[in-house]
There are 2 protein chains.
Amino acid sequence: MSVTHTEVTAEPAELEPCGQQHHPDCGIRDVLDRVGDKWSVLVIVELAGGPRRFRQLQRAIDGISQRMLTLTVRRLERDGLALRTVYPTVPAQVDYRLTETGASLTHLVKALADWSLEHRAHIARARETYDSEHPDNEIR
Amino acid sequence: MSVTHTEVTAEPAELEPCGQQHHPDCGIRDVLDRVGDKWSVLVIVELAGGPRRFRQLQRAIDGISQRMLTLTVRRLERDGLALRTVYPTVPAQVDYRLTETGASLTHLVKALADWSLEHRAHIARARETYDSEHPDNEIR
DNA sequence: CAGGATCCAGGCAGATACTG
DNA sequence: CAGTATCTGCCTGGATCCTG
C-alpha cells in the first residue's frame with residue numbers, strides 16, 4: 001500500500017508501551033481533572049502570589065461566581081493543595097494559601113502559562129487557517 | 001489582630017503583581033481549556049508514542065466515545081497541535097500525529113503526569129482525611 | 001465578609017443509527 | 001475503518017436570596 005496524495009514521513013511503526021501514564025489504575029485522570037479545571041488553575045496561580053481572602057480571590061479572578069469559587073477552593077482544600085484558615089474576627093475572615101504540595105504544582109502551572117504565551121500566536125494562526133479551510137465546520 | 005486557634009506563619013503580606021499570567025488579554029484560558037480538557041491530554045499522551053489511527057486511539061484511551069474522540073482530534077488539528085493524514089486506501093485509513101507544537105506540549109503533559117504519580121498518594125490521603133472530617137459534605 | 005441554599009438554563013457528553 | 005447526524009439526559013455553572 002503506497003500513499004498517493006500526502007507525503008508520509010513515518011508509517012505506524014513505533015508503538016512503545018508508553019510510560020504507564022494512561023493506565024486506568026494509575027489514574028492521572030482525577031488529578032488532571034483538578035488541574036485541568038479552568039478555575040482551579042486560576043486560583044492556584046493567584047494563590048501563588050501569597051495568601052488571599054475569599055473576596056480577594058473573587059475580585060482578582062474576574063468572571064468566577066461565588067459558587068464556583070467556593071467549590072473550587074473546597075476541592076483544592078480537600079485535595080490538600082490549599083489550606084483554609086479561619087480568623088475569629090467579628091466579620092468572619094478567611095484566607096487561603098497553597099500547601100507544600102500546592103506550591104509544587106505552581107511551577108507546572110507557570111510552565112503551562114509560559115507555553116501558552118509562547119505558542120499563543122501560532123495557535124491563533126492555525127485556527128484561522130483551519131477555519132478558512134473549513135468554513136462550514138461547527139467545531140466551535 | 002492575633003489569631004487564637006490556628007497558627008499562622010504568614011499574614012496577608014506579599015502581594016507581588018504576579019507575572020502577568022492571569023491578565024484577561026493574555027488569555028492563557030483558551031490554551032488551558034484545550035490542555036486542561038480531559039480527553040485532549042490523554043490523546044496527546046497517546047500520540048506522543050507515535051502516529052495512531054482513529055480506532056487505535058479509541059481503543060487505547062478507554063472510556064472515550066467516538067464522538068468525543070472526533071471532537072478532540074478535530075480541535076487538536078484546528079489548533080495546529082496534531083496533523084491528520086488521510087490514506088486513500090479502500091477502507092479509509094487516517095492517522096494522527098503530533099506537530100512540532102504539539103510535541104513541545106508533550107514534555108509539559110508528561111511533567112504533569114509525573115507530578116500526578118508523585119503526589120497521587122498524598123492527595124488520596126488528603127481526601128480521605130477531609131472526607132472523614134466532613135462526613136456530610138456534598139463536595140463530590 | 002464568607003458562604004449556604006435554591007432555582008434553572010445551556011451545553012457537554014453518551015448512546016444509537018447510518019454512510020462512504 | 002472513520003467518521004456524520006440526531007436525540008437526550010444531566011451536570012456544570014450562573015443568578016439570586018439569605019445567614020452567621
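Below, chains carry the letters A, B, ... as their sequence lines are ordered, and counting in each starts from 1.
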Open item on the list: Between A:Glu128 and A:Arg125 (side chain of the first, backbone of the second, donor and acceptor by atom type, cut-off under 3.5 Å), is there such a pair?
Closed with: no

Open item on the list: Can you identify which nucleotide, out of D:dG3, C:dA5, D:dC1, has its nearest atom closest to the A:Gln66 side chain?
Closed with: C:dA5

Open item on the list: So if I take every side-chain heavy atom of B:Val94 and compare against C:dG3, D:dG3, D:dC1, which nucleotide ends up nearest?
Closed with: D:dG3

TODO: Go through the N and O atoms of the side chain of A:Gln58 and the base of C:dG3, and report whether any donor-acceptor pair is under 3.5 Å.
DONE: no

Task: Closest listed nucleotide, where the reference is the side chain of A:Arg67 and the choices are D:dG14, D:dG3, C:dG20 - done: D:dG14

Open item on the list: The side chain of A:Phe54 is closest to which nucleotide in this list: C:dG14, D:dA2, C:dA2?
Closed with: C:dA2

- [ ] Ignoring hydrogens and angles, tell me if any N or O in the side chain of B:Thr72 forms a donor-acceptor pair with the backbone of B:Trp39 under 3.5 Å.
- [x] no

Task: Paired stretches of DNA chain D - 3 or more consecutive Watson-Crick or G-U pairs, each distance under 3.5 Å - done: C:1-20 with D:1-20

Open item on the list: Taking donor-acceptor contacts at under 3.5 Å, does the side chain of B:Arg55 reach the base of D:dA2?
Closed with: no

- [ ] Could you pick out which residue, A:Thr70 or A:Pro91, lies toward the 5' side of DNA chain C when each is mapped onto its nearest nucleotide?
- [x] A:Pro91

Task: Smallest separation among heavy atoms of B:Gly80 and B:Thr101, with atom names - done: O-CB, 3.9 Å

Task: Contact summary for B:Ser65 and B:Gln58, nearest pair of heavy atoms - done: C-NE2, 4.0 Å

Open item on the list: Output the rounded distance in Å from CG (B:Leu42) to C1' (C:dA13).
Closed with: 15 Å

Task: Point-to-point distance, once rounded to the nearest 0.5 Å, from CG of A:Leu105 to OG1 of A:Thr99 - done: 9.0 Å

- [ ] Give a yes/no on whether any side-chain N or O of B:Arg74 is located under 4.0 angstrom from OP1 or OP2 of D:dG3.
- [x] yes

Task: Carboxylate-amine/guanidinium contact A:Asp95 A:Arg52, below 4.0 Å - done: no

